[in-house]
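Read through the structure below, which is laid out as structure tokens, and then see the notes.
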Amino acid sequence: MVGFSMNAYGMQSLLKEGHKHLSGLDEAVLKNIDACRQLSTITRTSLGPNGMNKMVINHLDKLFVTNDAATIVNELEVQHPAAKILVLAGKAQQEEIGDGANLTVSFAGELLHNAEELIRMGLHPSEIIIGYTKAINKTLEILESLVQKGSETMNVKDKGDVILRMRSSVASKQFGQEDILCPLIAEACIQVCPMNPVNFNVDNVRVTKLIGGGLHDSKVLQGMVLKVDALGTIKRVEKVKVAVFSGGVDTTATETKGTVLIHNAEQLENYAKTEESKVEELIKAVADSGAKVIVSGAAVGEMALHFCERYKLMVLKISSKFELRRICRTTGAVALLKLSQPDADDLGYADSISVEEIGGSRVTIVKNESGGNTMSTIVLRGSTDSILDDLERAVDDGVNSYKAMCRDSRTVPGAAATEIELGKRLKEFSFKETGLDQYAIAKFAESFELVPKTLAENAGLNAVEAISSLYAEHASGNTNVGIDLEEGICKDVSGIGIWDLYVTKYFALKYAADAACTVLRVDQIIMAKPAGGPKREPPAGAGADED
């Protein structure tokens with residue numbers, strides 16, 4: 001084995017050869033801040049309704065054209081360890097609420113950018129962290145006082161109330177299309193909302209993307225829409241029982257291999273007949289159980305299909321195990337492992353299963369309206385795959401907003417009105433502090449200007465003018481004044497109906513502050529030699545001992 005060099009000193013003597021060690025303000029802290037700022041610069045230009053799209057090509061050469069921050073940071077595959085912390089904060093926001101990932105990443109980047117200025121002024125990162133912690137606690141306190149009165153009570157089955165709360169979330173992805181999309185999403189969500197809205201499951205609202213037509217051709221269907229055609233000639237059935245087989249509908253091969261010796265034509269004919277009669281027996285058993293539809297999770301044999309036709313059974317083949325589970329949820333069926341006679345309890349029920357043609361694509365629609373429908377599908381139409389993918393992301397944000405409002409329906413003013421008010425009040429709070437952390441609190445308050453500044457810049461407005469007029473309005477006590485991007489002026493948001501969910505803002509700001517403090521706490525970066533890397537020659541003077 002290679003001995004250890006006596007010439008090495010400090011970190012060199014401690015760690016494996018080939019490691020990297022960065023420490024101190026310049027090497028570690030400021031480099032981390034710079035990496036995080038680069039990431040937030042990417043996402044911030046996509047913030048808001050007029051946000052720009054990013055064209056991301058991932059490692060599989062798949063193209064994404066989107067302004068959805070969660071998709072952007074996921075597909076970028078960020079390698080820098082500090083920037084990864086921001087990515088994880090964005091993911092946490094996406095999992096918790098399903099919306100607001102852009103605000104989380106951009107705001108955390110802005111906090112770190114302002115922290116860099118404080119470090120250059122001579123403040124220690126510990127003092128900045130103490131200040132930021134005080135600031136976020138005060139921010140969440142102020143945020144609660146900005147909640148719109150009366151918004152805590154809401155009927156989640158009321159389409160108008162739902163659209164009002166969902167509008168800003170959908171508009172930030174598809175500006176100008178929200179008046180078409182929001183009613184579709186609201187209708188789909190209300191259809192599948194359970195008795196206790198807290199148990200709403202976002203997976204129950206499905207999206208089927210069909211190329212052709214335009215967004216105005218999109219519609220909501222109760223039940224499931226499968227992008228497959230039925231096998232065989234039966235294309236429509238009503239009020240039927242459904243049998244689901246996850247293992248496929250075909251003759252099962254025996255586990256042991258055997259050799260059959262056939263001496264003449266008669267024996268060959270009889271052998272084929274035996275196999276045929278076995279398949280017929282199995283299909284007849286399914287038909288006798290009362291099932292009129294067979295759903296197969298794997299291959300459907302030609303002979304089996306022939307007997308299904310004879311016994312007037314409709315056959316659907318679904319290769320995705322997830323879609324198979326959803327079919328079971330829609331119809332109430334139990335997926336059976338192999339082809340056999342199902343029990344009455346294992347059968348599902350559907351009001352109608354029909355094959356229809358939508359824009360040149362044949363789709364199968366499974367409806368179950370009377371049996372307490374648990375699935376609804378939004379059929380999206382558009383001219384290209386990229387447009388449809390982006391529409392799907394907007395729908396996803398809308399459905400997640402519905403889930404969030406089922407938990408907590410409180411709203412705060414949108415269009416940067418909340419951020420300016422938080423910044424104004426936090427600045428006042430910083431004047432009451434006496435320690436060095438007051439500078440950190442003031443910078444935290446200044447960071448809120450990121451939102452109105454970015455909204456104005458992305459819309460081509462004068463950002464300085466917009467921020468100063470917002471501050472002037474809020475100083476006069478008009479806490480609901482935000483930026484109307486269509487007219488390019490500051491307006492009372494209650495008049496134009498732009499509201500954000502309190503819970504989205506709460507978690508976005510909380511995660512952003514936590515991520516920023518985590519990055520600031522790092523003062524050394526130690527990277528070990530990568531495993532499986534090229535073996536280096538021992539440095540000159542290293543002794544070689546042998547075992």
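It should be emphasised that the depicted structure is a prediction, and the values quoted were computed from it without experimental measurement.
- At most 12 non-hydrogen atoms from other residues, nucleotides or ligands lie less than 6.0 angstrom from NZ of Lys312.
- Looking only at side-chain heavy atoms (C-beta outward), Thr139 and Phe448 come within less than 4.5 Å of each other.
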inquiry  = The test is side-chain contact (heavy atoms from CB on, under 4.5 Å); show your working for Leu210 and Val225 and say whether it passes.
reply    = CA-CA 11 Å; Leu210 298 174; Val225 176; 5.7 Å; no

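- Looking at Asp514 and Ile136, their side chains never come closer than 4.5 Å, going by heavy atoms from C-beta outward.
- Under the 4.5 Å side-chain criterion, counting only non-hydrogen atoms from C-beta, Ser40 is not in contact with Glu110.
- Not counting sequence neighbours, the partners of Asp492 by the side-chain hydrogen bond (donor to acceptor under 3.5 Å, both in side chains) test are Ser494.
- Judged by distance alone, with hydrogens and angles left aside, the side-chain atoms of Ser296 form no donor-acceptor pair with the main-chain N or O of Lys317 at under 3.5 Å.
- Looking at Asn478, its side chain never comes within 3.5 Å of a backbone N or O of Val481 through a donor-acceptor pair.
- Remark: Lys91 pairs with no residue by the side-chain hydrogen bond (donor to acceptor under 3.5 Å, both in side chains) rule, at least two apart or across chains.
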request  = Run the numbers on Asn114 and Phe444 for side-chain contact (heavy atoms from CB on, under 4.5 Å), then give the verdict.
outcome  = CA-CA 8 Å; Asn114 285 335; Phe444 197 102; over 6 Å; no

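- To the nearest 0.5 Å, atom SG of residue Cys490 and atom NE2 of residue His474 are 8.0 Å apart.
- Under the 4.0 Å criterion applied to side-chain N and carboxylate O atoms, Arg407 and Glu96 are assigned as salt-bridge partners.
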key: Check against side-chain contact (heavy atoms from CB on, under 4.5 Å), Gln93 and Val105   = CA-CA 10 Å; Gln93 173 72 8; Val105 177; over 6 Å; no

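- For the salt bridge (charged side-chain N to carboxylate O under 4.0 Å, His left out) condition, the pairs that include at least one residue of residues 181-197, sequence neighbours left out, are Lys159-Glu187.
- To the nearest 0.5 Å, atom NE2 of residue His216 and atom OG of residue Ser218 are 8.5 Å apart.
- Under a 3.5 Å cut-off, the side chain of Asn458 and the backbone N or O of Thr45 do form a donor-acceptor pair.
- Within the structure, ring pair (Phe, Tyr, Trp, His ring centres under 6.0 Å) contacts touching residues 223-246 (residues at least two apart or in different chains) do not occur.
- No side-chain donor-acceptor contact under 3.5 Å links Thr364 to the backbone of Ser354.
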Return a table of donor-acceptor pairs under 3.5 angstrom between the side chains of residues 387-395 and protein atoms on other chains or two or more places apart.
unit_1 : atom_1 : unit_2 : atom_2 : d
Asp389 : OD1    : Lys209 : NZ     : 2.8
Asp390 : OD1    : Thr66  : OG1    : 2.9
Asp390 : OD1    : Arg393 : NH1    : 3.0
Glu392 : OE1    : Lys209 : NZ     : 2.8
Arg393 : NE     : Thr71  : OG1    : 3.4
Arg393 : NH1    : Thr66  : OG1    : 3.4

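- Every residue was checked against the side-chain hydrogen bond (donor to acceptor under 3.5 Å, both in side chains) condition with Thr104, not counting sequence neighbours, and none meets it.
- Listed for the His80 side chain is no donor-acceptor partner under 3.5 Å among the backbone atoms of Asn32.
- Contact record, Gly214 with Arg381: O-CB, 3.3 Å, taken as the closest heavy-atom pair.
- Judged by distance alone, the side chain of Thr41 and the main-chain N or O of Arg37 form a donor-acceptor pair under 3.5 Å.
- Closest heavy-atom contact between Val242 and Ala350: CG2-CB, 4.2 Å.
- When atom types are taken as modelled, the side chain of Asp99 and the backbone of Asn400 share no donor-acceptor pair closer than 3.5 angstrom.
- Judged as a side-chain contact (heavy atoms from CB on, under 4.5 Å), and not counting sequence neighbours, the contacts of Leu324 are Val244, Ser246, Val295, Ile318.
- The shortest side-chain heavy-atom distance between Ile185 and Cys182 does not fall under the 4.5 Å cut-off.
- Residues Ile42 and Leu76 have side chains in contact (heavy-atom distance under 4.5 Å, counting atoms from C-beta outward).
- The side-chain contact (heavy atoms from CB on, under 4.5 Å) search around Ser352 returns Glu238, Lys367, not counting sequence neighbours.
- For Ser106, the side-chain contact (heavy atoms from CB on, under 4.5 Å) criterion is met by Thr43, Arg44, Asn102, Leu450, not counting sequence neighbours.
- Across all their heavy atoms, Lys227 and Val363 have their closest contact at CA-CG1, 4.2 Å.
- In this structure, Glu465 places its CD atom where only 12 or fewer heavy-atom neighbours from other residues, nucleotides or ligands lie under 6.0 Å away.
- Note that CG of Asn204 and CG of Asn199 are 11.0 Å apart. Values are rounded to the nearest 0.5 Å.
- Residues Phe107 and Leu47 have side chains not in contact (no heavy-atom distance under 4.5 Å, counting atoms from C-beta outward).
- Taking every heavy atom of both residues into account, Ala108 and Leu86 meet most closely at CB-CG, 3.9 Å.
- By the 4.5 Å heavy-atom criterion applied to side chains, Val355 and Met314 are counted as neighbours.
- At least one side-chain heavy atom of Asp34 sits less than 4.5 Å from a side-chain heavy atom of Gln38.
- Residues that satisfy the side-chain contact (heavy atoms from CB on, under 4.5 Å) test with Cys308, not counting sequence neighbours, are Ile283, Ile294, Leu313, Val315.
- Enclosure of atom NZ in Lys453 is not indicated, since only 12 or fewer non-hydrogen atoms of other residues, nucleotides or ligands lie within 6.0 angstrom.
- Taking every heavy atom of both residues into account, Ser168 and Trp499 meet most closely at OG-O, 2.9 Å.
- The minimum heavy-atom distance linking Ser401 with Leu501 is given by the pair O-CD1, 3.6 Å.
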task = Check the pair Lys239 / Tyr349 against side-chain contact (heavy atoms from CB on, under 4.5 Å), numbers first and verdict last.
result = CA-CA 7 Å; Lys239 294 189 169 49; Tyr349 173 82; 3.3 Å; yes

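- Distance check, rounded to the nearest 0.5 Å: CG of Leu461 to CG of Leu455 gives 9.5 Å.
- Rounded to the nearest 0.5 Å, atoms SG (Cys189) and CE (Met405) are 8.0 Å apart.
- Applying the salt bridge (charged side-chain N to carboxylate O under 4.0 Å, His left out) rule to pairs touching residues 66-89 yields Asp68-Lys173, sequence neighbours excluded.
- Expressed to the nearest 0.5 Å, how far CD1 of Ile498 lies from OG of Ser172 amounts to 11.5 Å.
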Show every donor-acceptor pair shorter than 3.5 Å between a side-chain atom in residues 502-512 and any protein atom, with sequence neighbours excluded, or say none if there are none.
unit_1 : atom_1 : unit_2 : atom_2 : d
Tyr502 : OH     : Glu144 : OE1    : 3.4
Lys505 : NZ     : Glu419 : OE2    : 3.1
Lys505 : NZ     : Asp500 : OD2    : 2.8

